[in-house]
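Within every chain, numbering begins at 1; the chains are lettered A, B, ... in the order of the sequence lines, protein sequences first and strands thereafter.
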There are 2 protein chains.
Amino acid sequence: MLTIGQLVAYSGVTIRAVRHYHQVGLLPEPERDASGYRTYTAPDVVRLVRIRTLAEAGVPLARVQDLLEAGEEEFAAAVADLDRRLRAQVRELQEHRRRIARLAAGDSLALPPAVVAYLDRLRSLGVPEAMVAGERDAWIVIAARWPEQMGSFMADKNAQLDDPRTVRLYRILGELIEHGLDEDRLVELADLMAQQMAEYVAGGGTGDVAAMSDDTVVDLLDAWADASHPMVERLRELLAERGWTGWIRIEPATPPAPGP
Amino acid sequence: MLTIGQLVAYSGVTIRAVRHYHQVGLLPEPERDASGYRTYTAPDVVRLVRIRTLAEAGVPLARVQDLLEAGEEEFAAAVADLDRRLRAQVRELQEHRRRIARLAAGDSLALPPAVVAYLDRLRSLGVPEAMVAGERDAWIVIAARWPEQMGSFMADKNAQLDDPRTVRLYRILGELIEHGLDEDRLVELADLMAQQMAEYVAGGGTGDVAAMSDDTVVDLLDAWADASHPMVERLRELLAERGWTGWIRIEPATPPAPGP
DNA sequence: TGCGGGGTTGACGCTGCGTCAGGGTCAAGC
DNA sequence: GCTTGACCCTGACGCAGCGTCAACCCCGCA
């Protein structure tokens, strides 16, 4: 007769685990001696070792019961199924590892690589970090809402950066952020932007504008932009005077009325 | 402003998860509107997406907090650590798969392959299944107690089976189990066993006998054997008359007295 | 005005035990 | 006979990360 301590010494299980197995009915409660100690016999050892073997192989306790009583074929089928699940788990973990690896680079937290590249390009153009951070956060929201269309958004953005006037625009924005507001420069900026938008629309460009088809998100980002820097609000006023509305998604203030 | 429903639509998280994050302080509770609804803003979306990204990469929620606020190096270190853990987990799962694969064969549940081979040899010698099952269960207990020495036990057992008299012995045992007790055959068996044990001891053989150095386990298995079939008890009586004691570990009844 | 589909808080459930808390028991040495 | 230390007992909480009720409130639409 074995005490629980001896039992666990032979089987490599913890006492707590054995009691747990009793609790869930996996291992029958053995006889007790006069003082209430559990007394185990050889069949208990055998059953416990079998339970352990299956449990360590990753079988959930709830299934161990059935498996121990299963016939050959059933057992084989269950084993095959378990193996499938384990493989799936491994794949999941590998996927986790891949994501983790991508996280190692700073910005990539929650952003597709194309956006990271775009942000790096902004930095290399001299756009101040605070502004890049603002862009980054906005793109996180956008990427969450329209993951499929990030490719075309980024293509559009990069094409815009090929135009030196857009670069100049970003530089001025950056300076204003870094050195405080200056009404004259704001006006200059608004003129530049209005002009570029007009050209863009005239050229048939509807790239990202049309695709951001969710006023709630756009409003949300606009509100955030407004709150993030006083410059934004003033600039939107100036743009409104020039016939443009919005910020994240700039549009002509009076779009053609929809048909009847 | 977003409701919780919109927030989860954009971030791919469940409502329950978001509330959980609030509960554990991972995502700050946002403002409420007049009717108590939570109203989210863009920064909340950003933070939520970041949390999700880390969580999906396998970071435990408890660490997400720190990671989000960590600096570059700290972040990189944490990521490296995470990757190490994930690799360990993968290794564990692979180990599970290996064990599962071994389980696919029947007997191997909790037994080293050498024992499985030995049991198969017994079967091929015509030993009935019930007796093989008894041996198997006994070896499970023994393997749990002396995992290191299973190799030598098995070598010893296999060597014994090379002797045709041992084979005959097993056959008679099997017949007795299958066709009921027969006093004459039992006596014949006891004689055979006593003779072989004597030769074994005379030849200096102490193989597994000495190695089973734990009376508790030996007693346990003996008791089990006694309980499993009436034949065992009778046979032990007959062996006792011939100067042998024990069953799992058979020994001369009067070992030389230890020195002073 | 009623309905359907949102929203709210609160609490229990799941896995497989670890880890107290607060005791009783056994064997050994003084 | 007393203490000590190693075991044993039951019972309950805790953990991660939510899922899933329950029971009720709120909003927009026909």
Side-chain angles (χ1 to χ4, degrees), chain A residues 1-27 29-40 44 47-48 50-68 82 85-86 89 92-93 96 215-216, chain B residues 1-27 29-40 44 48-68 82 85-86 89 92-93 96 215-216:
Chain A
M1 293 299 170
L2 302 174
T3 65
I4 201 170
Q6 293 169 307
L7 177 72
V8 304
Y10 299 154
S11 58
V13 188
T14 65
I15 290 186
R16 187 59 186 84
V18 172
R19 295 212 268 242
H20 183 63
Y21 298 155
H22 288 322
Q23 227 179 347
V24 298
L26 206 48
L27 192 63
E29 279 278 1
E31 305 278 299
R32 306 293 184 114
D33 68 10
S35 57
Y37 288 14
R38 279 174 256 252
T39 56
Y40 295 90
D44 296 320
R47 189 168 174 92
L48 179 56
R50 284 199 169 125
I51 292 170
R52 250 350 259 177
T53 307
L54 287 173
E56 279 173 8
V59 180
L61 292 193
R63 297 204 57 198
V64 167
Q65 182 88 296
D66 303 338
L67 273 190
L68 284 180
L82 271 169
R85 282 203 217 164
L86 286 180
Q89 278 189 47
E92 237 177 278
L93 285 182
H96 286 174
D215 291 345
T216 312
Chain B
M1 293 299 172
L2 303 173
T3 65
I4 200 171
Q6 293 170 308
L7 177 71
V8 306
Y10 298 155
S11 56
V13 187
T14 65
I15 290 186
R16 190 59 189 79
V18 171
R19 296 213 269 242
H20 183 63
Y21 298 157
H22 288 322
Q23 228 178 348
V24 299
L26 206 49
L27 193 63
E29 279 277 1
E31 306 277 301
R32 307 292 185 111
D33 67 11
S35 57
Y37 285 20
R38 278 173 257 250
T39 56
Y40 295 90
D44 297 320
L48 180 57
V49 170
R50 284 197 168 125
I51 292 170
R52 249 352 258 176
T53 307
L54 288 173
E56 279 173 7
V59 180
L61 292 194
R63 298 204 58 198
V64 167
Q65 181 88 296
D66 303 338
L67 272 190
L68 284 180
L82 271 169
R85 282 203 215 165
L86 286 180
Q89 280 189 45
E92 238 177 276
L93 285 183
H96 286 175
D215 291 345
T216 312

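No hydrogens or angles considered: nothing links the side chains of A:Y40 and A:R47 as a donor-acceptor pair under 3.5 Å. Of the N and O atoms on the side chains of A:Y21 and A:R52, at least one donor lies less than 3.5 Å from an acceptor on the other residue.
Residue B:I4 contributes atom CD1, which lies 19 Å from atom P of D:dC25 at whole-angstrom precision. Across the protein-nucleic acid pair, B:R63 atom CZ and D:dC15 atom C1' stand 17 Å apart, rounded to whole Å. The OH-C1' distance, from B:Y37 to C:dG6, rounds to 6 Å in whole Å. Note: CD (B:Q23) to C1' (C:dC12) measures 13 Å, nearest angstrom. In this structure, B:I51 atom CD1 and D:dA16 atom C1' are separated by 15 Å, rounded to whole Å. Atom pair A:R19:CZ and D:dA12:P shows a separation of 15 Å (rounding to whole Å applied). To the nearest angstrom, C1' of D:dC7 lies 13 Å from CZ of A:R38. In this entry the distance linking NE2 of A:H20 with P of D:dG11 reads 16 Å, nearest Å.
Within the model, atoms CG of B:L26 and CZ of B:R50 stand 13.0 Å from one another, a figure rounded to the nearest 0.5 Å. The OG1 atom of B:T53 lies 12.0 Å from the CG atom of B:L67; values are rounded to the nearest 0.5 Å. The line from CZ of B:R63 to CG of B:L68 is 12.0 Å long, rounded to the nearest 0.5 Å.
Place B:Y21 and A:Q6 on DNA chain D by their nearest nucleotides, and A:Q6 ends up nearer the 5' end. Taking for each of B:G5 and A:D33 the nucleotide of DNA chain C with the nearest heavy atom, the 5'-most of the two is the partner of B:G5.
Here the side chain of B:Q65 pairs no donor or acceptor atom with the backbone of B:A62 at under 3.5 angstrom. At least one donor-acceptor pair closer than 3.5 Å links the side chain of B:T39 to the backbone N or O of B:E31.
The nucleotide whose nearest atom lies closest to any side-chain atom of B:P60 is, among D:dC18, D:dG17, D:dC8, D:dG17. Comparing atom distances between the B:R32 side chain and each of D:dC26, C:dT9, C:dG24 picks out C:dT9 as nearest.
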query = Tell me, what's DNA chain D's dot-bracket, Watson-Crick or G-U with both distances under 3.5 Å, | for other-strand, [ ] crossing?
reply = ||||||||||||||||||||||||||||||
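Within the 4.0 Å cut-off from OP1 or OP2 of C:dG6, not a single side-chain nitrogen or oxygen of B:T3 is found. Within the 4.0 Å cut-off from OP1 or OP2 of D:dC9, not a single side-chain nitrogen or oxygen of A:S35 is found.
For A:R16 against C:dT19, a side-chain-to-base donor-acceptor contact under 3.5 Å is present.
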